[in-house]
Asker: 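Once you've had a glance at the structure underneath, I'll fire off some questions.
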Amino acid sequence: MTGSESSSVARRLPLRGAVNARDLGGLRTTDGRQVRRLRVLRSEVLTGLDADDVSFLLAECGLRTIVDLRGPGEIGTDGTGVVVDAVATHRNVHIYGADRVRLDLADVAPDGSMFDRYCEYLEHSSENIAAVLQLLATRAQLPALIHCAAGKDRTGVVIALLLAVAGVRADDIVADYAATTPNIAALRARSGRTDADRLPAWIFAADASTMAQFLTHLDTAHGGPAAWAASAGVDHATQRQLAHNLLCD
């Protein structure tokens, strides 16, 4: 087991109703600091959480805020879960691509990559991504949990931008994204969908190379994560506060 793999196992949240839930605590920055434990959590949809899971998130994690990145239609169909009624803040901030449709609900080519989709998020959901970053820059909103349907793509991009703006090392961001891979089979099984076999494997992939390509794109096309965030409306003072909230001194 590699260091990044063992780290992701240690950061996994012991929730019976979520298989892709983990803490960002312990990820390293380029200047040698670390993300604080239990500041920001990430997960798939929360509808499977039971009473013990909710108690853990509230009592052990001190959860205050939940940010749901799904579309209104998804929420209407799949629900939110009881935990949203137990936290101080519940925000729905939809992250979407050009067509506003989840790829696993659309007809897609047999060959492809999530990279193009992630670039669409930057283009079409910049204000919404910025709204999430601004929310997390308010210390009173933390600890917070960010989720979408599977906790992989929309959550993956928002978390990657959050970490990159805070100065977390690219290889740690990539490793955190790829930590979803061992959970893919369980996510597909829990979805209850009978048509999942018709979809190509790349829709469900969380390949490290995809996130590495995305981070490179941020640098080459947007001048880096800080520059992208500033252009989206997250000024540098807010970015500094965000990093202060997330990182150990």
Side-chain angles (χ1 to χ4, degrees), residues 1-13 20-43 67 69 95 113-115 118-119 121-122 126 129-130 132-137 139 142-147 151-183 205-232 234-249:
M1 181 177 289
T2 67
S4 60
E5 288 172 336
S6 61
S7 175
S8 68
V9 170
R11 294 187 291 107
R12 184 178 300 162
L13 299 177
N20 195 32
R22 57 188 175 272
D23 178 19
L24 301 182
L27 298 179
R28 303 162 296 174
T29 66
T30 55
D31 63 0
R33 292 186 289 171
Q34 292 186 341
V35 176
R36 294 177 185 270
R37 182 175 177 272
L38 300 179
R39 293 288 85 195
V40 178
L41 315 175
R42 60 180 293 172
S43 178
V67 181
L69 306 179
I95 306 300
S113 167
M114 293 306 302
F115 168 71
Y118 296 170
C119 293
Y121 294 158
L122 292 181
S126 61
I129 295 171
V132 177
L133 299 185
Q134 289 163 342
L135 179 67
L136 299 182
R139 182 179 285 272
L142 301 176
L145 185 151
I146 314 298
H147 80 92
K152 178 175 79 74
D153 301 315
R154 291 168 289 188
T155 299
V157 166
V158 170
I159 292 295
L161 285 163
L162 167 68
L163 294 173
V165 166
V168 171
R169 294 161 40 137
D171 55 349
D172 276 26
I173 297 173
V174 169
D176 177 66
Y177 169 80
T180 290
T181 296
N183 307 324
D207 295 333
S209 60
T210 301
M211 181 51 65
Q213 186 179 12
F214 177 72
L215 294 176
T216 298
H217 173 76
L218 277 175
D219 290 336
T220 58
H222 298 282
W228 181 87
S231 71
V234 185
D235 61 35
H236 291 294
T238 301
Q239 293 182 42
R240 288 192 295 271
Q241 185 60 49
L242 187 64
H244 179 72
N245 290 351
L246 259 64
L247 303 179
C248 297
D249 296 330

Asker: How long is the gap from CE on M211 to CD1 on I173, to the nearest 0.5 Å?
Answerer: 8.0 Å

Asker: Please examine the side chains of V168 and L246, heavy atoms only from C-beta on, and report whether any two atoms are closer than 4.5 Å.
Answerer: no

Asker: Compare every heavy atom of A232 with every heavy atom of A130, then report the nearest pair and how far apart it is.
Answerer: CB-O, 3.4 Å

Asker: Please tell me if the side chains of V132 and I129 come closer than 4.5 Å, counting only heavy atoms from C-beta onward.
Answerer: no

Asker: Can you measure from CG (L136) to OG1 (T238) and round to the nearest 0.5 angstrom?
Answerer: 12.0 Å

Asker: When you look at T180 and N183, which way does the side chain to side chain donor-acceptor pair (under 3.5 Å) test go after all the steps?
Answerer: CA-CA 5 Å; T180 290; N183 307 324; 5.2 Å; no

Asker: According to the salt bridge (Lys or Arg N to Asp or Glu O under 4.0 Å) rule, which pairs have a member within residues 205-224, sequence neighbours left out?
Answerer: none

Asker: Please test V40 against V35 for side-chain contact (heavy atoms from CB on, under 4.5 Å), starting from the C-alpha separation and ending with a verdict.
Answerer: CA-CA 9 Å; V40 178; V35 176; over 6 Å; no

Asker: Kindly say whether A206 contributes a backbone atom to a donor-acceptor pair with the side chain of T181 at under 3.5 angstrom?
Answerer: yes

Asker: Within the distance-only criterion (no hydrogens, no angle test), does the side chain of T220 pair as donor or acceptor with the backbone N or O of T216 below 3.5 angstrom?
Answerer: yes

Asker: Looking at V157, I159, L163, T210, which one forms a side chain to side chain contact (heavy atoms under 4.5 Å, CB included) with Y177?
Answerer: T210

Asker: Charged N to carboxylate O under 4.0 angstrom, R36 versus D249?
Answerer: yes

Asker: Quick check for you: to the nearest 0.5 Å, what is the distance between F115 atom CZ and H217 atom NE2?
Answerer: 5.0 Å

Asker: Do you know the tightest heavy-atom contact between R11 and D23?
Answerer: NH1-O, 2.5 Å

Asker: Side chains of V158 and Y121: does their closest heavy-atom pair fall under 4.5 Å?
Answerer: no

Asker: Looking at CZ of F214 and CG of L161, how far apart are the two atoms once the value is rounded to the nearest 0.5 Å?
Answerer: 4.5 Å

Asker: Where do D171 and R28 come nearest, in terms of heavy atoms and distance?
Answerer: OD2-NH2, 4.1 Å

Asker: Quick one: closest heavy-atom pair of H147 and T155, and the distance?
Answerer: C-OG1, 3.2 Å

Asker: Which heavy atom of S43 sits nearest a heavy atom of L145, and at what distance?
Answerer: CB-CD2, 4.1 Å

Asker: Between S126 and W228, what is the shortest heavy-atom contact and its length?
Answerer: CB-CZ2, 3.7 Å

Asker: Any donor-acceptor pair under 3.5 Å linking the side chain of N245 with the backbone of A137?
Answerer: yes

Asker: Quick one: CZ on R39 to CZ on R139, what's the gap to the nearest 0.5 Å?
Answerer: 7.0 Å

Asker: Determine yes or no for a side-chain-to-main-chain donor-acceptor pair under 3.5 angstrom, with R42 supplying the side chain and G151 the backbone.
Answerer: yes

Asker: Show the numbers, then the answer: is there a side-chain contact (heavy atoms from CB on, under 4.5 Å) between V234 and V165?
Answerer: CA-CA 10 Å; V234 185; V165 166; 5.9 Å; no

Asker: I'd like to know if the side chain of Q239 and the backbone of A226 have a donor-acceptor N/O pair within less than 3.5 Å.
Answerer: yes

Asker: Can you tell me how far CG of L24 sits from CD1 of I146, rounded to the nearest 0.5 angstrom?
Answerer: 9.0 Å

Asker: Would you say that D176 contacts R22 through its side chain, given a criterion of any heavy-atom pair below 4.5 Å between the two side chains?
Answerer: yes

